Amino acid sequence: MVDLTRRHFIKILGIGSLTFAPGCTSRPEKNLFSNVQAPEDMVTGKATWYASTCRECPAGCGILAKNKEGRVIKIEGNPLHPVNQGRLCMRGQAGVQGVYNPDRIRRPLLKKKDGWQALSFQEAEAFLKEKIDAATQKGENRVHMLTEVVGRSLSALFDDALHKWRSQPPLVFEPFAYESLKTANQRVFGLDGLPSYRMEEADFLLSFGADFLETWLSPVEYGRKFKQMHAVNDGRKGFFVHVSPYQSLTCANADLWLSCYPDAEVVIGLGLIREAFQHGRGKSLSSELRDALQDISSPFTKDKVAELSGVDLDLYGKLITRLQQARKPLIFGTGTGAIGSNSLQVDTVANLLNTLLDPELGLLEFQNRHLVETASRRSEVLTFFKGLAKEPEGVLLLNNVNPAFALPSSGSPVDVLKQESLFTVSFSNFMDDTSRLADLILPVRLPLETWDEYSGTSHIVSMVQPTMAGLTGAPHLGDLFLRLAYGEKSPAKNFQEYLSIKLFSSGVIKDQKDWVNMLREGGLFEKHASGKPSPQWISGDEVRRTLGSVSPPRNAELTFFAAPSLRFFDGRGANRPWLCEVPDPLSKVAWQSPVSINPQTLRQRGLKQGDVVELRSQWGTMEAPVYETEGVRPGVLLMSLGQGHELFGRYAEGMGTNPFKLLSPEVEPVAGSPIFTVNLTSFRSTGRSLGSAHTEGSQGFRTQFGIHYRLRLAHTDGSKVQHGRKIALTTELQDLGKEEKEQKPGLGMWDFPLVLPLPEGYDKKRDVYPPHDHQIYRWAMVVDLDRCIGCNACAAACYAENNVGIVGPDRIREGREMAWLSIERYLDEKNLKKVTFLPMLCQHCDNAPCESVCPVFAPHHSKEGLNNQIFNRCIGTRFCSQNCPYKVRRFNWFDWKWPKPLHLQLNPDVTVRSKGVMEKCSFCVQRIKEAHGLAKDEKREIRDGEVQPACVQTCPTKALVFGNLMDKNSQVRKLTEDWRAYQVMGHLNTKPAVIYLKKVVQEI
Amino acid sequence: MIRVFSAFVLVGLGAFLFQIAGQHPEKAWQAYLVNFILWSAIAQGGLLFSVVLHVTKARWGRPLQGLAESFAAFFPISFILYLLLFFGRAYIFPWLGGDLHGKEGWLTIPFLFSRDAVGLLILYGLGFGYLYHGLKLKRIRGDASEKSREALRARLSVIAVLYIMAYALVLSVLAFDLVMSADPQWISTLFAPYAFVKAFYMGLGGLTIVAALVRIRHREAASLTSSHFHDLGKLFFAFCLLWADFFYCQFLVIWYGNIPEETSYIIQRTMTLPWSRLAWTVFILSFVFPFLILLNKQVKTKPRFMIGLCSLVLVGIWLEHYLLLSPSLNPKADSIPIGFADVLITLGFLGLMAMAVRFALAHFPELIPVQQQEVK
Amino acid sequence: MSGMTYAQIEQTVLHTLRPAPLKYWAVVALTFLGLLIGAGCWAYQIAVGIGVGGQNIPVVWGTYLINFVFWVGIAHSGTLISAILYLFRAGWRNPIARAAETMTVFAVCIAGLFPFIHLGRVWMVYYILPYPNERTLWPNFQSPLVFDVVAISTYLTVSSLFWYTGMLPDLAIVRDRATGLRKRIFQMISLGWTGRHEQWRHYTRAYLFFAALATPLVISVHSVVSWDFALGIVPGWHSTIFAPYFVAGAIHSGLAMVLTLIIPLRRIFHYEAFITENILDNIAKTIIFTGLIVGYAYLVEYFLAWYSHNIVEQESFRWRAFGHYSLQFWVMVICNTVVPLLFFFRKVRRSIPWLFAISVLINIGMWYERFVIIIGGVAHDFMPNAWGLYSPSIIEYGILLGSFSMFFFLFLLFVKHLPSVSMTELKEGIHQGGDHGR
Amino acid sequence: MAVEKCVISLFDDETRAASAIEALRGSPWKLERVHSPIPSDKILNALKLKKSRVGYFTLAGGIIGFFSGVGLAIYTGIQWNLIVSGKPVVAWIPFLIVGFEFTILFAVFGNVLGLLFQTNLPEFQSLRIYDQRCSGEHFGVLASCAEGEENKLMAFFQEKGGEARLI
């Protein structure tokens, strides 16, 4: 299943380890060669790939970091890694922007009355050691630690260290800690953890809010698995129903969105349990459990459910039948966030449903568990802080956590950090809401620069290794702890060694060879057989206790949802310019987080999109611009988490607002999970409209006479529907293959045939121009709309690979975004709840209208069919963009800025465009050239799949395929014969080389 | 003379009826349509010459105006011919019963015929109005008071302006309905102007011929100096260029745009056999010849020569009309389906036109520019 | 006019060349200031980037191209009046020909500036020229913009030569009436013209050819300009009627501008004697005609957009009339086609205020026509997801101001230093015997 | 002939000037040149001049222009040999525009050159023997005669109704 293509193999050969490359610096602009004798695996102009593990979220995908002249310029998925199999999400892509972030703290900072005082790392370390020793002297439990989820070895080190300091092991703080799911698992399966799911084997998915395409557990992995079960094969595809009050990206990919009142999921779940019994399921259950369940679920008849939850009765009925027919159904509980007060019940119900419908529970891998399960419950975190508040003594170590931002602010426990007596140390690299409260900021190396072992799931060992030398000279966290805890008597001379010892002792590796192999391949990935669940079943009265108390659905009031963000996760991504610049796939709004409201609600309040509203809950108040969408129920207000940092560097400060402010500090009593929904006490317009949001160094000045025409929201889309044009097409599952037969080719928009950008695509009756030939290759791409989930990974990858400029909200508002590839979101004209995502990039037309109008041949047709854009020939007439029917050309209105050291990330193979120049997708021509060189050396032609543009490479669902059309056996060529194939606006006879496959939709 | 023409008419009629009776009625009707458009255009364009001169108060062409007005005599015939077209509808509207790409509302036989009939009535009505007042003006010249003459002139001007507008609009609608609709998918915004500029071009051709005949007939008596012919020739030359320009404007834009909905039309007509041959013939007859020849000043003043040249051009334009229509009417044709019958039918129309003009000149001698009546 | 003698004509015209009063120089200074403002804006734009304008994706062409087309349009009537009307021997053009030609020359200069202002990298503009170079980098002769370069430069050259040639005899007159430095200057620039029969013999001929060549040129130039749009495939642009329609539009605006210019001119310089109301009347009539053509073009475009049943075209034209820029659209329709119809009334044609007001309105309308076409077309084209809007930035307004200031600056300099009415042609006018260029 | 004398006579109306020119032809005196403020058919006819040859220059210019225009387009096209929008590298249809513009441009150049050559402008010689009123309202006829005959010549002119002046 790991497809080890040529390209990957080359990469892995290239994979080295910085163990052999001690001296790479990151100052190439000073001297091109990092040092006098360059390490043997560093050849100037040639990339070296280092295998490591992504630490942008707890999922732990395997990555390959592309290192050129000693600096990492791009991160790609590690094809050997079972979690993500070579693919990577946009957050992972943006990891480099953490390392090169211009606002990164380069030296330790000590808080003084009059602000921060910079220390050397040695001083800071000594200072810290002092403090810790002092605290340890004072007595027990004087050293407290709060950390993000870390690898087993490192957390072991933490434990040892803290133990040495006579203190409790550290507390793992993750804003999204899946408490309710863990509790439910514990209740139902007797397993206090997070098993992973064999989603790919299911034929029916029912999710009560689990957003597994965005943030839930392991998005890249489940994205892939989802499309495996949801792709069309021989006329059938799995079915996916999403039950929730609003439309997340995951929900937008569902075949059916069963929109219900907030907190009504459990009602539906119970109803489904009742129906399951009706259909004679649950034989395997113990009788008293069965009775209990039946008692509880019996009142939830179809009508009752419909009435309580506000779902459409008839749809609900269909859902029941589909669910009963399903061979291998899989039910998910609540999502990562946006969890209501019934989350525990919902997750329990989900687990019970799984048990009822598939007593084998074959789709749950109980042995293969997600590491994030080690995160502590919110309740524990709060107790931790309460404890501190009681006696604010000793030292508090904070490893890359941001409680000040991620905990509801009202009566925030975090205030304890302000206490004099408590010496707080933050190992963070950024001045964020929490570290600014710390007394000492001691930045450590970031994941791309450091050693660790982080295995996202329990059946693999995945390495974290330095992919480049430290940019700031900060210490490895591991080394630091070794030194702090053991001083001279350290068990290992550094954490790297400590790590190898650990791995050796745990029998993961036998010898140096294994070690090196691990480093080469990024880990040890042999599969363990997943065991059966140990069904220590929930007891009847337990069920009664858990499910008896269901808080009633909130159909009346205005309910506010804070959803985890595809782009910023819990907010840790908010200072990565790419994540800000790439717009949210559903709202197409960049740089801001508006609050999504149903048009009906808006009309009642006399509001319109772009108005700034004030939301007030009993816990707090905040203001945000309004975004109008059918994607939320009337009465529901939705905002994504992650922005609104008071402090977090230039890209995050003042961008959007932080919905945590509104949330209740309380937790769900049983599971101890936070509650991400809240009832609004007031919701009113501020009368203001969103002005131009503050942004970093806004280039040039810009004032408008009269009205500012663009909508105030920094959104990149024009119309949300396609006005009956041939752009993003869908087809019903049942008419698979029908259309092509009845279709008789003509000249109109709808009956124009698919014409390949090859000589055979020309027809004397239609074409004024003679066909032209290409040399061996005619590059082309196939985009399968049925596979595209709109996750934006491709867009981010494109930014990373092609040095695409970051323009900021003001410029985006003016319509000057630079994205070469953007995921266009089209709503169905008849049903605005149905979404189709359309990756739009240069179509590399054979008869490209943009070319001939240029006075200087800047865009022209290459021998291999590419639509080349010669940057330094362009004089900026912009005629090409005018004449491009796909509007995919981008213009450099100004010189875009890469504040140091962000410029170190720039890809040396791609020109950085100066002002006044047109640019656009080049099919990553630099990669094609590279492949050419390789093929030439080996005296052969480029193999199919050898060239992969950045977007294709990273797409988690393999929606994009790239290759040579002239090769009859190439994958692209074969796909073009699929009857779903069509060209956007093909009747213009541009003969695009980007061929789309219609999305296949199905009714329940 | 008159006999010859009536003979033409009879021959043409005969050929037409024979064709209709035969197994190829569609051929007959196509020839009929082409000729109807062509000869009506000559008449409409011919009169336009006089009208334009009147509106611009240009003095140089006075003696030619009368001759131009004589073309109006063909209007009633043209109208009757148009009405007869109704019986051939099945053969001349390939879109009948075909896919109309949503144009059903516009392309319906009753609506089409009624609107065009109304249009023609208005146009011809104005034409006659102009003719009538023009004649009146000529008649009362000399005697009646300056004042009444002024009044007449004023009214004449109003009608003239209206005629020009009607000319543009009605010919546009005709061009859309009778010619462009032959390929319902195809559109070209310049097509209508192209049509009425062409009509004026033809009108000037016809006028030149008539003027030349008059000149030959009356020798020196005719108050048509060679400078008149020179100016007329220049105008003819100018419109030859304008016509070609309008063709190029359409061709270039469509060629460059490369949108099959548009290109297929010109590809079929100009780039694929057999039609491409015809296209070149038209181009040479109606543009290359007149262009190269009329660069020279002298030839413009040679009546006999001009008759030959103008006839050539008119033949070219006849073929051009044929080229526009026929490919849609005979999509399968592998050779250009012009037969002897087409020639005869054309002769018939020529006869009609000639008789009309002769009739006019005979009944209103003041139209003929001969010495005795002073030219003001 | 026929009442006048040669002497009176000369006297009136030469009178205008006498040293100017202070207020004249004040106005000149004012216009120069405007010119400087424009220049400043441009300099700023070059320094910071073209982004200081309001353009964006999809609307990457803004007011600069609008002004370009507008000024080229203005430039057209000059040649029309001096060449086409000349060929048609419309005697009434004589007294206004010189002013119109001058207007043409200056307008073309300004129009020619705008493509430069528009460029993203104006410092690389020489890439457009077919200059021989080692790497054999040539311009693309299939690009409408290169057609522009060729056409506009040709037009500039030809119209300036035409203008100068036509002025030769007058320069000689000034020379003969002047003294001192001015005499020497005019001796130089009149090339020693003495009105010898040999000179007249060739001159008249050459002048005729000039007219004969300028006529097709003027038509071709604006056709080429129109093809900057029509050759694209953008809905609302890709239309075969554009070439003649733009030519008509150009003449429409040009004539209006002529009125706007000569009405004050005849007032200030007491030209009422030559530039009679009949002439204004004739211009007005011609404007009716061009206005009707423009109106016809609007009509046909709408009809065929509907008839074509091409949903993209239909949406594009629906939006044009009722969408975001409907205001500009209706301004355009009313000013260009409805208002000129007032000229059907003799009273309007004969009243100076009316003439002036309407001419200004038409200029506004024509500017908005270009706005509606250039902005409206792409703002709302094939991909709904890319639909966007555009509004000019203050910099663009500054440059617009600059262009008008420059125009009036040059024109003001002209009227005080060169004969703004062709004395020679006027003399012929009286003198039935003479016939300029036969 | 010995030293020549030049006499210029100014007429305030072209008809008289024309008749004077006619008369001169019969006389022993030589007509040098005629200055007129406007081009006058009468005078030109009286002079019996051949038609001007400027036209040939113009025509030549036009023809050269057309070929150089189209030529340039084709040459540069072939030099790069780049396909744009799938259009043929040598595309006649658009190249005609270039050809046309060049035709006009060169024709005009030819025209101007023709004018300058034929009238050999600029030349400032004739200004020496020239009366400034000729650019105003007078038609000046300049004739030359042998030494001593000047009075006769002047008399001749005066009787023709012009005011004669010896230069």
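FYI, side chains are in, hydrogens and waters are out, and symmetry mates aren't considered; it's all heavy atoms of this structure. Nothing here was measured: the structure is a model prediction, and the numbers come from that model.
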d(A:Ile875 CD1, C:Leu145 CG) to nearest 0.5 Å is 8.0 Å

One should read off an interatomic distance between C:Gln55 CD and A:Glu814 CD, to the nearest 0.5 angstrom, of 11.0 Å

Open item on the list: With a 6.0 Å cut-off (strictly less than), is the heavy-atom count around CZ of A:Phe891, excluding the residue itself, greater than 12?
Closed with: yes

Query raised in the report: Taking the six-membered ring for Trp, are the ring centroids of C:Trp319 and A:His723 within less than 6.0 Å of each other?
Result: no

Applying a strict 4.5 Å limit to non-hydrogen atoms, the region of A:Met840 in contact with chain C is side chain

Fill in: Flag side-chain contact, heavy atom, 4.5 Å: A:Asn883 against C:Val234
yes

Among C:Leu137, C:Asp148, C:Leu231, the residue with the most heavy-atom pairs under 4.5 Å to chain A is C:Leu137

A:Phe879-C:Trp61 aromatic ring centre distance below 6.0 Å: yes

Honestly, the part of C:Leu129 sitting under 4.5 Å from a heavy atom of chain A is neither

Do C:Met383 and A:Val888 have side-chain heavy atoms sitting under 4.5 Å apart? no

From the list A:Arg873, A:Lys720, A:Arg890, the residue making the most non-hydrogen contacts under 4.5 Å with chain C is A:Arg873

Honestly, the part of A:Glu824 sitting under 4.5 Å from a heavy atom of chain C is side chain

Does any non-hydrogen side-chain atom of A:Val856 lie less than 4.5 Å from one of C:Asn140?
no

Comparing A:Pro855, A:Gly724, A:Ala728 against chain C, the one with the most heavy-atom pairs below 4.5 Å turns out to be A:Pro855

Handout entry: Side-chain touch A:Pro885/C:Asp381, heavy atoms, less than 4.5 angstrom
Key = no

Practice item. Determine yes or no for a side-chain-to-main-chain donor-acceptor pair under 3.5 angstrom, with C:Arg121 supplying the side chain and A:Val917 the backbone. Key: no

CD1 (C:Ile50) and CG (A:Asn892) are apart, to the nearest 0.5 Å, by 12.5 Å

Applying a strict 4.5 Å limit to non-hydrogen atoms, the region of C:Val149 in contact with chain A is neither

Under 4.5 Å to a heavy atom of chain C? For A:Ile727 that would be side chain

Honestly, the part of A:Arg825 sitting under 4.5 Å from a heavy atom of chain C is neither

Exactly one of A:Met985, A:Lys887, A:Lys726 clears side chain to side chain contact (heavy atoms under 4.5 Å, CB included) with C:Phe382, and that residue is A:Met985

Original post:
Is there a donor-acceptor pair closer than 3.5 Å between any side-chain N or O of A:Arg878 and the backbone N or O of C:Ile57?
Top reply: no

For A:Cys854 and C:Ser143, the nearest pair of non-hydrogen atoms, with its separation, is O-CB, 3.3 Å

All heavy atoms of A:Lys915 vs all of C:Val48, minimum pair found to be CD-O, 3.6 Å

With heavy-atom distances below 4.5 Å as the criterion, would you say the side chains of A:Phe894 and C:Val52 are in contact?
yes

Of the listed A:Ser822, A:Cys874, A:Ser881, the one with the largest count of heavy-atom pairs under 4.5 Å with chain C is A:Cys874

Rounding to 0.5 Å, atoms OG1 (A:Thr877) and CG (C:Leu65) come to a distance of 9.0 Å

Honestly, the part of C:Trp138 sitting under 4.5 Å from a heavy atom of chain A is backbone

Closest heavy-atom pair, C:Asn56 versus A:Gly815, reported as atoms and distance to 0.1 Å, is CB-O, 3.5 Å

Under 4.5 Å to a heavy atom of chain C? For A:Pro849 that would be side chain

Heaviest contributor of heavy-atom pairs below 4.5 Å to chain C, chosen from A:Val721, A:Asn872, A:Thr990, is A:Asn872

